[in-house]
Amino acid sequence: MSAVEALMVRSEGVRKRYGQLEALRGVDLEVAAGEVCCLIGPSGSGKSTFLRCINHLEKVDAGRLSVDGQLVGYREHGGRLYELQDKEVCAKRAEIGMVFQRFNLFPHMTALDNVAMAPVVVKGEAKGVVESRARSLLDRVGLGTKLEAYPNQLSGGQQQRVAIARALAMQPKLMLFDEPTSALDPELVGEVLDVMRGLAEDGMTMVVVTHEMGFAREVGDTLAFMDDGVVVERGRPRDVLGNPQQERTRAFLAKVL
């Protein structure tokens, strides 16, 4: 297997603009298959925007972004890029799980139904097969006794664990986490990070936007510091956090560590 084939995410000079604001100004980043890459940086640095570009919730304005060797949102023919049809984009997006700050569960559906719905509706899988998988996933995230509970009967941490199980139900090749613990009370953070730690141990490729430096240090294989729409520094988490090479990285870490 070549180095390129072993990459799950490859970003080359990715740019994204909203009017006068250039949110991404040339992001270069590679994430290997099976790797946990943590993204840190101040608010407005482009972390969440970059995550949304990976699964084409946002279209890139320039540069190239690929997942598992395939361009995100485009196909290349004769040296030119052509945007994919919405149906094709949705099919590719189904291979990428994403967990947001807010849980976005359907309030009128049980935990089991929240987890089982997408594979049935989006992929056309048999309901019985999917429900069996959903039960296993809810058990895996520690909610095997909450199958029939509605979101308003669950704590924030429990809801976020349902959201993780829901993303896993699509059997993704890549998981994206956008500050998954930032909306939680401090005592609930650990239960969500424990689930993510288990996913990392199982070899799931993950890109995690986080403020949890302890998690990044312990679980991350690589850590990238972003500021002003670019990756300023990247390396092993203990190296970046313990001995940052760039002044911008040092200034940020001095405020958060």
Side-chain angles (χ1 to χ4, degrees), residues 1-39 41 45-100 104 117-126 130 166-178 199 203-209 221-222 224 226-232 234:
M1 180 182 290
S2 72
V4 172
E5 289 174 327
L7 289 178
M8 182 59 73
V9 179
R10 187 175 196 180
S11 175
E12 303 169 276
V14 167
R15 292 177 177 266
K16 176 64 184 177
R17 180 183 291 276
Y18 301 99
Q20 296 299 308
L21 172 66
E22 194 170 22
L24 301 177
R25 300 188 306 110
V27 173
D28 296 310
L29 187 70
E30 294 181 349
V31 181
E35 181 179 318
V36 178
C37 176
C38 293
L39 302 180
S45 59
K47 307 182 301 296
S48 294
T49 299
F50 178 59
L51 217 61
R52 292 171 67 86
C53 287
I54 292 176
N55 69 350
H56 207 57
L57 287 174
E58 301 285 356
K59 298 178 183 178
V60 303
D61 294 323
R64 297 167 68 89
L65 185 57
S66 58
V67 171
D68 200 18
Q70 296 187 322
L71 287 169
V72 174
Y74 300 88
R75 61 180 174 84
E76 189 170 19
H77 182 72
R80 297 184 62 183
L81 296 181
Y82 298 88
E83 191 165 358
L84 297 178
Q85 299 292 320
D86 287 345
K87 185 176 182 180
E88 296 173 287
V89 170
C90 289
K92 295 296 183 186
R93 189 180 292 140
E95 300 176 343
I96 304 172
M98 187 157 182
V99 178
F100 300 86
N104 299 322
M117 187 184 76
V120 174
V121 174
V122 177
K123 298 173 73 175
E125 293 189 58
V130 174
R166 177 180 59 186
L168 292 172
M170 294 291 284
Q171 300 178 305
K173 61 177 67 172
L174 169 67
M175 283 286 286
L176 309 176
F177 292 87
D178 188 6
L199 291 177
M204 173 64 73
T205 310
M206 298 158 61
V207 182
V208 184
V209 174
D221 296 299
T222 57
M226 288 185 66
D227 191 27
D228 198 24
V230 298
V231 175
V232 176
R234 180 179 184 272

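All values below come from the heavy atoms of this structure, side chains included, with hydrogens, waters and symmetry mates left out.
Side-chain contact check for Arg25 versus Arg15: some heavy-atom pair is nearer than 4.5 Å. Looking at heavy atoms from C-beta onward, Met226 lies out of side-chain contact with Thr49 at the 4.5 angstrom threshold. Side-chain contact between Val27 and Lys16 is absent, with no heavy-atom pair separated by less than 4.5 Å. Counting heavy atoms from C-beta on, the side chains of Met175 and Leu168 come closer than 4.5 Å. Residues Ile96 and Pro172 fail the side-chain proximity criterion, which asks for heavy atoms closer than 4.5 Å. Counting heavy atoms from C-beta outward, Cys90 and Arg93 have side chains that approach closer than 4.5 Å.
For the side chain to side chain contact (heavy atoms under 4.5 Å, CB included) test with Val67, the passing option among Val31, Leu7, Val72 is Val72; the others fail.
Tyr74 and His56 have perpendicular rings, their planes meeting at more than 60° on a 0 to 90° scale where under 30° would count as parallel.
Rounding to the nearest 0.5 angstrom, the gap separating the CD atom in Glu83 from the NZ atom in Lys59 is 3.5 Å. Taken to the nearest 0.5 Å, the NZ atom of Lys87 stands 13.5 Å off from the NZ atom of Lys92. Atom CZ of Arg10 and atom CD1 of Ile54 lie 14.5 Å apart (nearest 0.5 Å).
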* Evaluation steps, salt bridge (charged side-chain N to carboxylate O under 4.0 Å, His left out), between Glu76 and Arg64 -> CA-CA 11 Å; Glu76 189 170 19; Arg64 297 167 68 89; 3.0 Å; yes

* Could you walk me through whether Leu39 and Val207 pass the side-chain contact (heavy atoms from CB on, under 4.5 Å) check? -> CA-CA 7 Å; Leu39 302 180; Val207 182; 4.0 Å; yes

* **side chain to side chain donor-acceptor pair (under 3.5 Å) between Thr222 and Glu35, intermediate numbers included** => CA-CA 8 Å; Thr222 57; Glu35 181 179 318; 2.6 Å; yes

* Candidate pair Glu58 and Leu24, rule side-chain contact (heavy atoms from CB on, under 4.5 Å), full reasoning -> CA-CA 11 Å; Glu58 301 285 356; Leu24 301 177; over 6 Å; no

* **CA sep, side-chain torsions, deciding dist, call: Thr205, Lys173, side-chain contact (heavy atoms from CB on, under 4.5 Å)** => CA-CA 7 Å; Thr205 310; Lys173 61 177 67 172; over 6 Å; no

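Taking the ring centre of Phe50 as origin, the terminal cationic atom of Lys47 falls outside the region bounded by 6.0 Å and 45° from the ring axis.
Annotation for Leu57 and Phe100: closest pair CD1-CZ, 4.0 Å, computed over non-hydrogen atoms. Pairing each heavy atom of Val230 with each of Gly26, the nearest pair is CG1-O, 4.2 Å. When every heavy atom of Tyr82 is checked against every heavy atom of His77, the shortest pair comes out as CE1-O, 3.6 Å. Between Ser11 and Leu65 the shortest heavy-atom distance is CB-CD1, 3.6 Å. Of all heavy-atom pairs spanning Ala167 and Gly97, the tightest one is CB-CA, 4.2 Å.
Judged purely by atom type and a 3.5 angstrom limit, Asp68 has no side-chain atom pairing as donor or acceptor with the backbone of Met8. Side-chain N or O atoms of Asp61 include one that pairs as donor or acceptor with a backbone N or O of Arg17 at under 3.5 Å. Using modelled atom types, one side-chain atom of Asp221 and one backbone atom of Val36 make a donor-acceptor pair closer than 3.5 Å. In this structure, the side chain of Lys123 does not engage the main chain of Ala118 through any donor-acceptor pair within 3.5 Å. Arg234 places no side-chain N or O within 3.5 Å of a backbone atom of Leu29 that could act as its donor or acceptor partner. A donor-acceptor pair under 3.5 Å is absent between the side-chain atoms of Ser66 and the main chain of Leu71, judged by distance alone.
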